[in-house]
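Structure first, then comments.
For clarity, every value in this text was computed on a predicted model and none was experimentally measured. Chain naming here is simple, since letters A, B, ... match the order of the sequence lines and numbering starts at 1 in each.
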Number of protein chains: 2
Amino acid sequence: MTEKSVRSPESTRERILDAALSVFSNKGYHDARLDEIVAESDTSKGSIYFHFPNKERLFLALVEKFADLVERRVREAIARQPSPMAKVEAALEACLEAFGRYRRPAKVMLVQATGLGTVFEEKRLEINERFARLIRIYLDEAVAAGEIEAVDTDVIAYAWLGSIYHLTIRWVYTGEPEPSRIVKTLVPMLLQSVNYTKGQKGR
Amino acid sequence: MTEKSVRSPESTRERILDAALSVFSNKGYHDARLDEIVAESDTSKGSIYFHFPNKERLFLALVEKFADLVERRVREAIARQPSPMAKVEAALEACLEAFGRYRRPAKVMLVQATGLGTVFEEKRLEINERFARLIRIYLDEAVAAGEIEAVDTDVIAYAWLGSIYHLTIRWVYTGEPEPSRIVKTLVPMLLQSVNYTKGQKGR
DNA sequence: ACGCCTAAACTGACCGGTCGGTCGATCCCG
DNA sequence: CGGGATCGACCGACCGGTCAGTTTAGGCGT
């Protein structure tokens, strides 16, 4: 029955991360109990502390893992496009798509990781900076290439991220509006905000 | 010497709220110790529990107080304007202005109130809804009046709030960019995002 | 004017449950 | 049989909340 034998350390680590994701996303960092993660992962306190130095790091591992995933998706999407503004558009879509596909990790990264101590806040700022830079680079290129007018691309990039985050958070909690609807309205709106109307103008 | 006598209950309550704002904004909800609020307010544990039923409610009192303040400012700004889009613009400016003026309350409301339990999350959703509705109403009127094209005003309103929140949060932590710079770039950008260019077009 | 009484306001020592983290025992693969 | 991996009973610091008691303000009868 209990097929507990023969479990690689790798799989144990994964099971812990899975359970942690589940518990953290439901309860939030502080209300998440290690004992609950133990139960859900079918491991033990000791095992968790063998693989992670403490609760904080376990949590950060989750955040980092998801941030890396999203960044990878975005970079791939960008690489596929030829022009700066096409890259920007693809980046926005990829980002929203990733958040939409993974509700729980999104919740952990965007919500649960907020309002905890200094350590967490620094990680958040770092991740935001990573994504913002990703967008800003091509926004700047688009300006240089004359695809859009000159603007404060630093502010724009953060504003865009804020829109994406906020709508995603709302969707995570209320289930509304659906990701597809968000993309449909938000992406054109953001492009419009820098006065960019690709090829065909809106109907 | 110690002019501790003659303190109205009102002033005590205020002192507790002041101290709580200071401690919560620096430490976040969970790392904030009641004992620290006691020390900073020069009162006592019992006094806090005389004025507030528990830590949670004390915190929520702060959040509500600030949300009410911002809402009041926004409503006043709106009342001063004649046309729908002028109201929308004024609302955005008033909102940013209020956040910019009160750094600590902004931090508490936008950051520290996040990722706590269900109770807090509901309060957040409620406040967001209040602000979003405030904007959406006049956005809808603007559409009806033909000032802007038809759009998904629900998504737009939340996206705008997200931009404002996110830039404010960043400013709260890094001191950059300055509120004035945010307003200067963000407001025109948001108006542009619904293809609205008031009277004079940008240079 | 004066002491008496009550209630509101306030104090701070103390309690007790909670939960992240520890550690010695145990398992089992190579 | 060595040591990486796992287990889970146990520890004890920590902190929100309690409560018995003290102080203050003012109403009231005489």
| What string of B, S and - do you get for nucleotides 18-23 of chain D, 5' to 3', if B is base contact, S is sugar-phosphate-only contact and - is no contact with any protein heavy atom under 4.0 Å? | B-----
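Salt bridge A:E40/A:R15: absent, no basic N to carboxylate O contact under 4.0 Å. By the 4.0 Å N-to-carboxylate-O rule, B:R80 lies too far from B:E93 to be salt-bridged with it. Comment: A:E76 does not engage A:R73 in a salt bridge, judged by the lack of any side-chain N to carboxylate O separation of less than 4.0 angstrom. A:D154 has a carboxylate O that lies under 4.0 Å from a charged side-chain N of B:R181, or vice versa, which qualifies the two as a salt bridge. Salt bridge annotation for A:R104-A:D18: absent, with no cationic side-chain nitrogen under 4.0 angstrom from a carboxylate oxygen.
For the OP1/OP2 pair of C:dC19 and a distance below 4.0 Å, the side-chain nitrogens and oxygens of A:H30 include no atom meeting the criterion. The phosphate of C:dA9 (OP1 or OP2) has no side-chain N or O of B:T12 nearer than 4.0 angstrom.
With rounding to whole Å, B:E14 atom CD is found 16 Å from C:dA9 atom C1'. Summarising the geometry, the separation between CG on A:L34 and P on D:dC10 is reported as 19 Å, rounded to the nearest angstrom. For B:R13 and C:dC10, the CZ to P distance is 12 Å, given to the nearest whole Å. Distance B:D35 CG to C:dT11 P: 14 Å, rounded to the nearest Å. Regarding A:H51, its NE2 atom lies at a distance of 12 Å from the C1' atom of D:dC7, rounded to whole Å. Atom pair B:I48:CD1 and C:dA9:C1' shows a separation of 14 Å (rounding to whole Å applied). Between the C1' atom of D:dC14 and the CG atom of B:D31 lies a distance of 13 Å, rounded to the nearest Å.
Using cut-offs of 30° and 60° on the angle between ring planes, the pair B:F66 and B:F99 is tilted.
In the model, B:E122 has no side-chain atom that pairs as donor or acceptor with a side-chain atom of A:Y173 under 3.5 Å. Side-chain polar atoms of B:N54 and B:Y49 form no donor-acceptor pair below 3.5 angstrom.
A cation-pi arrangement is found for A:R103 relative to A:W171, the charged atom lying closer than 6.0 Å to the ring centre and inside a 45° cone about the ring normal.
Residues A:N54 and B:F50 both approach DNA chain C. Their nearest nucleotides, taken by heavy-atom distance, put B:F50 toward the 5′ side.
For A:S44, whose side chain is taken as the heavy atoms from C-beta onward, the closest listed nucleotide among D:dC7, C:dT11, D:dA5 is D:dC7. Taking only side-chain atoms of A:R33, from C-beta outward, the nucleotide of C:dG20, C:dC10, D:dC7 with the closest atom is C:dG20.
Within residues 55-63 of chain A, the residues approached by DNA chain C to less than 4.0 Å at the level of any non-hydrogen atom are A:K55, in residue-number order.
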